[in-house]
Amino acid sequence: MNPLLELLTRSWADILMATWQHVYLSLGSVALGALVAVPLGIWLSSRQNIARVVLSIAGTIQTIPSLAFFGFTLPVLGIGVLPAMVVLFLYSLLPILRNTYTGIREVPGELIEAGRGMGMNDRQLLFMVKLPMALPVIMAGIRISSVYIISWATIAALIGAGGLGDLIWGGMNVYDIWLILAGTIPAALLALLASFILGRLEKAVTPRGLRST
Amino acid sequence: MIKFEEVTKKYGNQEVVKNINMHVREGEFMVLIGPSGCGKTTTLKMINRLVEPTSGRILIRDQDIMDMNPVKLRREIGYVIQQIGLFPNMTIEQNVDLVPRLLKWDKERRAKRVRELLELVDMDPDLYAHRYPNELSGGQQQRIGVLRALAAEPSVILMDEPFGALDPITRENLQDELKNLQNKLHKTIVFVTHDMDEALKLADRIAIMKDGQIVQLDTPEMILRKPANEFVLEFIGKHRVAGGGPATVESVMKSNPVIIGPERGVEEALALMKHKGVNTLLVVEQDKRLVGVVTVEKLDKNRRRASTVKELVETDIPVVAAGSPAREAFNTLTANKLDYLPVVDEKKRLLGLVTKTSIVNALASFVWKEETA
């Protein structure tokens with residue numbers, strides 16, 4: 001019998017479980033990341049000097065090799081889902097933060113001037129003009145973040161967070177190529193699916209007046 | 001209505017607006033005009049506090065605007081900008097009723113107002129209200145820009161070169177429409193432009209600005225008749241009239257006669273005549289001092305014997321001074337049966353040329369303008 005089929009029939013429940021863990025691990029981190037990075041990006045968009053500092057810190061976090069990062073958190077947060085989420089959350093920040101910041105910064109000056117000149121206060125200017133205009137760019141940031149957090153979440157298995165990484169690391173330990181694939185393929189499919197769904201969402205939030213027909 | 005009292009604006013050490021005093025009356029169409037960097041836009045933006053004065057006071061209906069809430073102030077003042085600035089994420093209706101929405105008008109009143117406004121500029125509300133700005137032409141977009149400023153029925157409207165980015169035909173149409181609107185609505189409008197045609201067409205009064213100061217503030221008529229100084233004279237350029245008609249020689253002359261230097265060759269002079277389609281050339285020195293004239297007959301007859309224009313120039317010719325009355329030039333022309341009369345300044349430098357045609361043209365344009373005004 002085909003070894004892949006055999007594997008599927010034997011451990012489909014494990015694969016499904018691992019996929020589910022993977023989904024909440026990565027989407028949870030991205031959701032948290034967006035919750036922090038979008039407001040932070042908005043706040044930074046009117047504070048260029050602070051923004052430069054914050055964005056370079058976020059950029060530096062991004063350069064820490066993920067394996068090392070998981071290692072660093074080990075003595076502080078131990079193992080399990082929580083430390084994994086903390087690390088993935090930190091990784092997810094930069095693209096969302098940068099896109100929110102630039103998205104708002106790049107709203108055409110004449111729109112800001114028109115809005116202000118017509119008597120919008122800061123909050124109205126944000127919700128009626130800046131955010132609607134920047135939303136597609138912010139969504140793109142969330143999409144980029146999601147795709148690579150899904151792939152990096154496989155490493156989180158190393159600190160006992162579960163997910164599809166479990167199958168991959170397990171397969172590597174016992175030289176079972178099929179087991180590795182059983183982890184890799186769903187992870188790749190998840191990333192593609194997230195990219196597809198969030199891409200559609202990105203289009204949906206693009207104001208009609210800004211869409212190219 | 002709007003009073004500037006010794007208003008100055010500095011950016012760092014640079015004074016962009018210097019001690020301006022100006023009173024825009026109720027229902028008046030005031031145009032601020034001047035070359036770029038003269039401070040006209042800064043002056044405008046101080047009225048709705050997008051720019052705040054460094055010193056001095058601006059009063060609207062006797063109330064110091066610095067004592068007012070800027071957001072509230074701006075909602076009571078219409079604002080139109082050159083880049084139009086319609087919100088691309090909003091429909092035409094949402095753009096037009098934006099200020100009413102900020103002012104929390106109820107839905108019915110807003111909808112009624114939008115229809116009313118679109119009909120005011122002959123744009124069918126059913127056709128346009130739910131479109132987006134990018135589905136409209138530039139001219140239509142700026143019409144909406146103007147309507148948006150009118151929406152909440154402000155009594156003051158600020159317009160910052162609103163038609164500057166439009167093509168000439170659209171610009172003229174919108175100027176006409178604005179003029180018609182103003183005849184109906186009698187708003188107090190402050191309008192910035194660098195286009196004198198536009199200013200003359202629209203303004204009740206014009207403030208001509210230079211280097212942050214108002215050089216002259218008067219009606220279009222008075223500015224044309226009595227320009228305050230050389231700068232204003234130059235700025236109004238082709239529009240100038242002198243005391244009710246083409247009175248001086250300067251105002252009827254052609255300013256670009258065909259000239260040649262005395263050291264030039266005969267063949268070159270003949271070629272120039274052929275190229276320009278003239279039978280006489282004015283001979284001038286490097287410093288523009290008039291030496292005389294040279295005719296095609298003389299050049300042709302002597303092309304073997306002479307080599308330079310200098311040898312064939314006729315120096316004993318009648319000329320007329322730039323400041324003398326046009327009538328005098330006309331009399332000289334007819335009395336001596338001349339075709340042309342060079343115009344010189346006090347140092348005998350050539351300024352232009354009066355011909356019968358140029359006098360007739362000057363008269364004609366004066367008469368036509370009087371008729372259409």
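Letters go in sequence order (proteins before strands), and every chain restarts at 1. No experiment lies behind these values; they were computed from the predicted model shown.
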* Asked: Counting heavy-atom pairs under 4.5 Å to chain A, which of B:E76, B:R148, B:Q82, B:R131 comes out on top?
  -> B:R148
* B:V99, B:L73, B:I77, B:L158: which one forms the most heavy-atom pairs within less than 4.5 Å of chain A? -> B:V99
Within the supplied structure, the quantity of interest is the number of heavy atoms (other residues, nucleotides, ligands) at a distance under 6.0 Å from [X] [atom1]; does it exceed 12?
X: B:K112; atom1: NZ; answer: no
X: B:M68; atom1: CE; answer: yes
X: B:L127; atom1: CG; answer: yes

Which of [range] get closer than 4.5 angstrom to chain B, counting heavy atoms alone?
range: residues 101-136 of chain A; answer: A:E110, A:L111, A:E113, A:A114, A:G115, A:R116, A:G117, A:M118, A:G119, A:M120, A:N121, A:Q124, A:M128, A:V129, A:P132, A:M133
range: residues 86-96 of chain A; answer: none
range: residues 19-48 of chain A; answer: none

* Asked: Mind checking which of residues 45-59 of chain B sit less than 4.5 Å from chain A, heavy atom to heavy atom?
  -> B:K45, B:N48, B:L50
* **B:Q94, part contacting chain A, at a heavy-atom distance under 4.5 Å** => neither
* With only heavy atoms counted, which part of B:L103 is less than 4.5 Å from chain A, the side chain, the backbone, both or neither? -> neither
